[in-house]
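This chain uses plain numbering: 1 for the first residue, then up along the sequence.
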Amino acid sequence: MKTLWEENTRQTLLARARRLTPESRARWGRFTVERMVSHLVDAMRMGLGEIPVKPKKLPIRHWPLNVLFIHLVGMPRNAPTAREIVSRPPRPMEDELRDLEMLLDRFASMRARRDWPVHPALGRLSSRTWGVLGYKHIDHHLRQFGV
């Protein structure tokens with residue numbers, strides 16, 4: 001299973017993200033390319049605990065449903081997201097991509113972390129599961145824009 005804990009996986013995601021242009025259009029959903037990249041940046045900040053997000057009362061917040069959902073189901077199209085990670089106006093895409101790279105590096109440096117924030121929809125997650133979730137989330141949105 002691909003994960004953000006693997007250097008090659010992170011570099012592949014970044015190479016795909018760098019193929020995005022302001023003219024890139026979504027295959028589904030309502031994001032513009034700029035909004036999508038800013039969403040990825042803010043989702044990484046949420047995962048690092050820098051953006052607090054209100055929890056949602058969902059049955060998938062609890063083990064083993066949360067782990068099964070992440071590892072087996074993945075990201076469904078047009079799923080709702082936390083308002084806190086789609087609320088700020090996007091900056092120029094190059095700035096957002098630079099931040100995404102920096103945040104992926106910071107995330108990777110925290111593999112041994114034990115005090116991960118609680119995910120607003122998926123509850124408590126292990127370090128291993130945060131790595132898989134991060135990969136699947138970024139991959140989902142890059143596929144949304146055809147890269």
Side-chain angles (χ1 to χ4, degrees), residues 1-56 58 60-61 65-113 116-147:
M1 178 135 326
K2 293 190 178 187
T3 175
L4 293 182
W5 302 124
E6 300 164 351
E7 173 71 22
N8 187 47
T9 299
R10 291 190 309 278
Q11 292 308 314
T12 300
L13 289 172
L14 288 169
R16 289 169 58 197
R18 289 185 190 110
R19 293 197 327 250
L20 294 166
T21 70
E23 292 76 35
S24 297
R25 298 288 172 253
R27 295 176 170 179
W28 71 84
R30 294 181 286 190
F31 275 149
T32 64
V33 68
E34 293 88 357
R35 170 71 64 197
M36 180 274 290
V37 177
S38 71
H39 166 68
L40 292 179
V41 167
D42 288 350
M44 290 300 301
R45 287 192 170 121
M46 178 197 71
L48 291 167
E50 296 173 8
I51 296 178
V53 180
K54 287 176 48 176
K56 300 188 182 325
L58 300 171
I60 59 172
R61 284 185 60 79
L65 294 178
N66 59 356
V67 175
L68 290 171
F69 180 84
I70 293 165
H71 289 270
L72 299 178
V73 177
M75 301 286 131
R77 290 182 179 184
N78 302 313
T81 191
R83 182 177 307 135
E84 296 91 339
I85 59 174
V86 291
S87 59
R88 73 170 171 90
R91 295 171 299 134
M93 200 159 63
E94 282 304 315
D95 295 342
E96 298 285 1
L97 288 170
R98 252 189 317 276
D99 280 357
L100 182 61
E101 181 173 8
M102 180 264 306
L103 289 162
L104 284 171
D105 287 344
R106 279 191 36 225
F107 183 88
S109 74
M110 298 181 173
R111 186 171 189 165
R113 182 178 182 173
W116 291 97
V118 176
H119 189 280
L122 299 167
R124 292 220 172 269
L125 304 174
S126 68
S127 181
R128 177 178 181 264
T129 303
W130 268 109
V132 171
L133 175 63
Y135 166 77
K136 286 191 172 192
H137 183 242
I138 295 170
D139 174 67
H140 167 81
H141 285 297
L142 294 177
R143 284 186 295 106
Q144 179 184 17
F145 282 83
V147 296

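- Between atom CZ of residue Phe145 and atom OG1 of residue Thr21 there is a gap of 10.5 Å, rounded to the nearest 0.5 Å.
- For Glu101, the salt bridge (Lys or Arg N to Asp or Glu O under 4.0 Å) partners two or more places apart in sequence, or in a different chain, are Arg18.
- Counting all heavy atoms, side chain and backbone alike, Pro55 lies closest to Arg61 at CB-NH1, 3.8 Å.
- In this structure, Met44 and Met102 have side chains that are not in contact, with every pair of non-hydrogen atoms separated by 4.5 Å or more.
- Put simply, CG on Leu142 and CG on Leu40 are 6.5 Å apart, with the number rounded to the nearest 0.5 Å.
- In this structure Arg128 satisfies the side chain to side chain donor-acceptor pair (under 3.5 Å) test with no other residue, sequence neighbours excluded.
- Using a 4.5 Å cut-off on side-chain heavy atoms (C-beta onward), Leu104 and Ile138 make contact.
- Sorted by first and then second residue, the salt bridge (Lys or Arg N to Asp or Glu O under 4.0 Å) pairs involving residues 19-31 (not counting sequence neighbours) form an empty list.
- Applying the side chain to side chain donor-acceptor pair (under 3.5 Å) rule to pairs touching residues 116-126 yields Ser126-Thr129, sequence neighbours excluded.
- Residue pairs meeting the ring-ring contact (aromatic ring centres under 6.0 Å, His included) criterion with at least one member in residues 68-99, sequence neighbours excluded, do not occur.
- Under the side chain to side chain donor-acceptor pair (under 3.5 Å) criterion, Thr9 pairs with Glu6, not counting sequence neighbours.
- Within the structure, the ring-ring contact (aromatic ring centres under 6.0 Å, His included) test picks out the following pairs touching residues 8-37 (sequence neighbours left out): Trp28-His140, Phe31-His39, Phe31-His141.
- In this structure, NZ in Lys136 is found 12.0 Å from CG in Leu4, a value given to the nearest 0.5 Å.
- Counting only heavy atoms from C-beta outward, the side chains of Met46 and Pro120 approach each other to under 4.5 Å.
- Applying the side chain to side chain donor-acceptor pair (under 3.5 Å) rule to Asp105 yields no partners; only residues at least two apart in sequence or on another chain are considered.
- Here the side chains of Val86 and Asp42 are not in contact, with every heavy-atom distance at 4.5 Å or above.
- In this structure, the salt bridge (Lys or Arg N to Asp or Glu O under 4.0 Å) partners of Glu50, at least two apart in sequence or on a different chain, are Arg45, Arg106.
- Annotation: side chain to side chain donor-acceptor pair (under 3.5 Å) contacts of Arg10 (sequence neighbours excluded): Glu7.
- We find the CH2-CG distance between Trp130 and Leu122 to be 8.0 Å, quoted to the nearest 0.5 Å.
- Remark: Pro52 pairs with no residue by the side-chain contact (heavy atoms from CB on, under 4.5 Å) rule, at least two apart or across chains.
- For the pair Leu13/Lys2, no side-chain contact is recorded, criterion being any heavy-atom separation below 4.5 Å from C-beta on.
- Taking CZ of Arg113 as the start and OG of Ser127 as the end, the distance is 9.5 Å to the nearest 0.5 Å.
- In terms of the salt bridge (Lys or Arg N to Asp or Glu O under 4.0 Å) criterion, residue partners of Arg143 (sequence neighbours excluded) are, by chain and number, Asp139.
- Shown are Arg91, Met93, Glu94; of these, the side-chain contact (heavy atoms from CB on, under 4.5 Å) with Val37 is made only by Met93.
- Between Leu68 and Val73, every side-chain heavy-atom pair lies at or beyond the 4.5 Å cut-off.
- Leu20 is not listed as a side-chain neighbour of Glu96, based on a closest heavy-atom distance of 4.5 Å or more.
- Here the closest heavy-atom approach between residue Asn66 and residue Leu125 is recorded as ND2-CD2, 3.8 Å.
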